[in-house]
Amino acid sequence: MYQDRSLKMSDDKVLVSHILGTHNPHGQEVDAKPFLRLLPKILSLGPRGDLSTDTPLIPDAPLHEKLQNAKKDVALLETLLTTIHQTTNKDADLLETQLYTVNQFTDKDVDFLKNLPSMIDQTTNKDATLLERQFNMIDQTATKEVALLARLLYTIDQTAKKLAYMASSGTKAHLTTVTIFNMLAIYKWGVKLVLTLFAFAWNYGQFDAQTEHGAPLKPQFNILKDLIGTALEVTHCVIEFNELPSKYITLEVPALSSAMAQIPSAAYWTVRSIVVCTYQIVSFNSKGYEFALSTTEAWEPSTLALKLKIILEDLRKKMKDCIQYIEERKHVESDQMLVKPYQMLVKLFTMIHIDNIKVLKALICPRDDVLALVDGTTKKRVNLDVLRRKNVLLLISSLDITQDELLVLEYIYNEPRLHEMRLQNPYEIVWIPIVDQLTDVKQRHFEVLQTPMTWYSVYHPSIISKASVKFIREEWHFKNKPILVVLDLQGRVVSPNAIHMMWIWGSHAFPFTTLREEALWREEAWRLELLVDGTDATILNWIKERKYIFMYGGDDMEWIRKFTKEAKAVAAAARIPLEMVYVGKATKKEQVKQVRANIAREKLSTCWQDPTTIWFFWTRLESMLFSKIQLGKDVEHDLMMQQIERVLSFDREGTWAVLSRGSSVLAKEHGNILWSALFEYDQWKKNVPLQGFDAAFQNYVASLRGNSPPPCCRFEFSHYDGKIPENMKCPECHHCMEKYTTFLCCHDEGIVQAYLH
């Protein structure tokens, strides 16, 4: 009987104390991972930890045949290393001969070319000697590896024999476990476990195919397979602890010190599990079916499997803590390494330079031998010098930059007036992609984005240093949404983000300074051209023809049907030339797509079919608001800012429309108010002959608006690249808006609280 009933399994301290005295690791370091990778295959457990009961069996495979197969695999490995050793010697001899020939040839050349210094011959001899020493070192290393492998194979063989002998002689499991640890005293804990597992595999391999009682005993074999699989997992975990980088983690870290203190216990129970499995297999073969049916004999493997799984779970938790600690240390180290180059960049951008090359090299790529850019026109790599003394717009983005953004920027960059301006005020765009971890998928995405670009781009994201990324994020406040940093001829930052100016005015905003931005706003007025400039040439023609134009949006199809019907009826009754255009929403692209399809099919009005046009319309509006905020404007004193905010807030809350006559905006309101004004035309049409259609319509809309409080006003800043304002005033009632995750105003304090709850 092999169970050791005198020792309780829970008494770890007593049991483990018997093996701690045997632990005396010394000698050559052993890499046990190659053996560990072979174990699942030999044990027929499939991939690491795969303990499926559907593992195919080899029926009636004799024990000695399985033993021979396992030994052949190891013999093949030994033969392979021997061949490598011999080949290395032959290669070294061959290369030595070749070097000697080269040396002789060089000597003849020296004699023939007397004007060449004899140093060439001496240098060649030195190189040959150096290479010869290197090959000798390779040869010696290979010899040592083969000798180490031979010792390990011998140790495995002796351990396997000891396991088989003590199992067949009925020695107690604890005594056998201690004996195995004595035999493996010079190895580290992880290596002990690998060698013991390999010894078990050497003897038994796919052990559940080695008995004539295969089918009836399958439940018992499944228990053993589960136990061996768990032992293999524990072994992996122990080795992983030994491989943790000492540069980042030491025994002073509680998780690691606790794990290392636990490893002797884990090693004991792992080896004891292997011993018990060995005893069970021997008993199956010698005592047969009746032995397997004994619940007493099945007790210890099941209990060991449970205990090992508890140990494994605890070790994995500590490993997770260790890895987290290591990652934190690496992050700290990375930050410390970035301090000096980051500070250098900060200082460099405060200095005065003759041109922009010094700052561009520091930011993009400091090496002169690297062609850091790709020319979008020729698709050839070029040096940073092509940007010397040019105004440079750094387009900084993640790989999430949208096709809408790229298409519009492409149009602006290549529009005819830009080429005229280049003669006097040349500027170039350079795309700098910020990619934290470049994968194959991200690499392909980068190439897809880069290929159609007509401006310059960095040839690969990896050339942008971590210090540059830190500088871009912290100094220019890059938060993954595209920004456009403008550098003048001397490399000075004239705008930390001109993207809003680019969307509003395009190249006309050059040189993208704050002074230019303020000057452009002074030229603007609240008119329809401001809303649609560069968006729709058809609307610009309607404006020239002084037509009435309804621009409307939202995703409520029923309201759209009612609104367009009433608008057409009023236009016919009042005999005014009316055009209508649907401009969608800033969000809900799929819903807008369906609405566009319905409008086109039912011929309700004109609508923008290109999603990019809709995106650009709303992006320009948001850019106008952001531009005003950056300039420090106050909605209470800036009439144009009020109008922009109102249109943006309409879109957040539902349907809306703007009516203009030519350039002049007559009304802008929520959808229900404007629909009511149109539906109730009979009530105010009598005023049209007296006041004119424009004034009569405006007055009636104002009366409706005064009788019903407008919906809540809301602004979202999730896509804002700059500083979110500390406070905002509502464009409707000029009350201070409540600041939550969005800006909100319901024009009455009680309504605000009710809305939030």
Side-chain angles (χ1 to χ4, degrees), residues 404 528 530-532 535-536 538-539 548-571 578-622 624-625 642-660 665-680 697 701 704-705 708-716 718-719 730-732 742-747 755:
D404 290 334
L528 198 60
L530 177 64
L531 297 179
V532 299
T535 304
D536 191 334
T538 301
I539 296 179
Y548 287 89
I549 303 167
F550 257 130
M551 293 181 62
Y552 68 96
D555 60 350
D556 185 340
M557 197 61 222
E558 288 305 313
W559 177 88
I560 291 172
R561 290 189 179 100
K562 294 192 302 180
F563 171 75
T564 53
K565 177 184 175 181
E566 295 301 329
K568 290 175 183 178
V570 170
L578 175 67
E579 301 288 351
M580 292 183 288
V581 59
Y582 173 69
V583 299
K585 285 181 66 66
T587 57
K588 300 184 178 181
K589 288 187 177 181
E590 288 303 314
Q591 292 93 321
V592 169
K593 181 179 179 181
Q594 186 61 46
V595 169
R596 293 199 330 260
N598 291 336
I599 291 173
R601 184 175 61 254
E602 299 175 27
K603 298 181 180 180
L604 301 178
S605 74
T606 301
C607 63
W608 290 338
Q609 292 296 333
D610 183 9
T612 301
T613 303
I614 295 175
W615 172 86
F616 186 48
F617 172 79
W618 290 106
T619 298
R620 285 188 74 247
L621 273 179
E622 290 179 350
M624 292 176 196
L625 176 58
Q642 290 178 23
Q643 312 305 328
I644 294 167
E645 284 191 1
R646 287 199 69 202
V647 176
L648 287 171
S649 68
F650 292 163
D651 178 63
R652 300 294 189 270
E653 296 304 327
T655 55
W656 61 276
V658 171
L659 177 65
S660 72
V665 177
L666 303 179
K668 54 189 180 307
E669 272 301 340
H670 295 279
N672 288 333
I673 291 179
L674 284 179
W675 174 80
S676 296
L678 295 170
F679 183 72
E680 298 167 5
F697 181 74
V701 168
L704 291 176
R705 188 165 180 259
S708 59
C712 299
C713 184
R714 180 163 58 109
F715 295 102
E716 297 175 357
S718 59
H719 300 306
C730 175
E732 298 280 1
T742 60
F743 285 96
L744 173 70
C745 182
C746 292
H747 321 293
Y755 184 86

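Note that this is a predicted model, so its numbers are computed, not measured.
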Check your understanding: Rounded to the nearest 0.5 Å, how far does OG of Ser605 lie from NZ of Lys565?
Key -> 16.0 Å
Review point. Looking at Lys562 and Trp675, what are the two nearest heavy atoms and their distance?
Key: CB-NE1, 3.4 Å
Exercise for review: Measure the spacing between CZ of Arg561 and CG of Asn598 and express it to the nearest 0.5 Å.
Suggested key: 5.5 Å
Exercise for review: For side chain to side chain contact (heavy atoms under 4.5 Å, CB included), just list the numbers for Phe617 and Asp536, CA-CA rounded to whole Å, side-chain angles, deciding distance to a tenth of an Å, and then say yes or no.
Suggested key: CA-CA 9 Å; Phe617 172 79; Asp536 191 334; over 6 Å; no
Check your understanding: Lys568 side chain to Leu604 main-chain N or O, any donor-acceptor pair under 3.5 Å?
Key -> yes
Point to revise | pair Leu674-Leu659: side-chain heavy atoms closer than 4.5 Å | key: no
Check your understanding: Yes or no on side chain to side chain contact (heavy atoms under 4.5 Å, CB included) for Glu680 and Leu704, after CA distance, side-chain angles and deciding distance?
Key -> CA-CA 11 Å; Glu680 298 167 5; Leu704 291 176; 3.9 Å; yes
Study note, to complete from the structure: All heavy atoms of Cys607 vs all of Val581, minimum pair found to be CA-CG2, 4.4 Å
Check your understanding: Salt bridge or not for Asp555 and Lys588, using N-O below 4.0 Å?
Key -> yes
Exercise for review: Can you sort out the partners of Phe550 under ring-ring contact (aromatic ring centres under 6.0 Å, His included), two or more places apart, ordered by chain and number?
Suggested key: Phe563
Check your understanding: Can you check side chain to side chain contact (heavy atoms under 4.5 Å, CB included) on Ile560 and Ile599, steps first, answer last?
Key -> CA-CA 8 Å; Ile560 291 172; Ile599 291 173; 4.1 Å; yes
**Study point:** Derivation and outcome, side chain to side chain contact (heavy atoms under 4.5 Å, CB included), residues Gln643 and Val665
**Key:** CA-CA 10 Å; Gln643 312 305 328; Val665 177; over 6 Å; no
Point to revise | Expected output: side-chain Arg620 to main-chain Leu530 donor-acceptor under 3.5 Å | key: yes
Study note, to complete from the structure: Closest non-hydrogen contact found for Trp618 with Lys585 is NE1-C, 3.3 Å
Check your understanding: Measuring from Thr655:OG1 to His670:NE2, what's the distance to the nearest 0.5 Å?
Key -> 9.0 Å
**Study point:** Where Gly584 and Val592 come nearest, the two heavy atoms and their spacing
**Key:** CA-CG1, 4.0 Å
Check your understanding: How long is the span from the CG atom in Leu625 to the CG atom in Leu621, to the nearest 0.5 Å?
Key -> 9.5 Å
Exercise for review: Would you check if the side chain of Trp559 reaches a backbone N or O of Gly671 as a donor-acceptor pair within less than 3.5 Å?
Suggested key: yes
Review point. What distance separates Asp404 CG from Phe616 CZ, expressed to the nearest 0.5 Å?
Key: 11.0 Å
Exercise for review: Give the ring-plane orientation class for Tyr552 versus Tyr582, where under 30° counts as parallel, over 60° as perpendicular and anything between as tilted.
Suggested key: tilted
**Study point:** Val570 vs Phe679 side-chain heavy atoms within contact, under 4.5 Å
**Key:** no
Exercise for review: Could you tell me whether the side chain of Ser649 and the main chain of Arg646 form a donor-acceptor pair under 3.5 Å?
Suggested key: yes
Check your understanding: Which atom names give the shortest non-hydrogen contact between Trp608 and Ile614, and what distance separates them?
Key -> O-CD1, 3.6 Å
**Study point:** Reported CE-to-CD1 distance for the pair Met551 and Ile539, which is rounded to 0.5 angstrom
**Key:** 5.0 Å
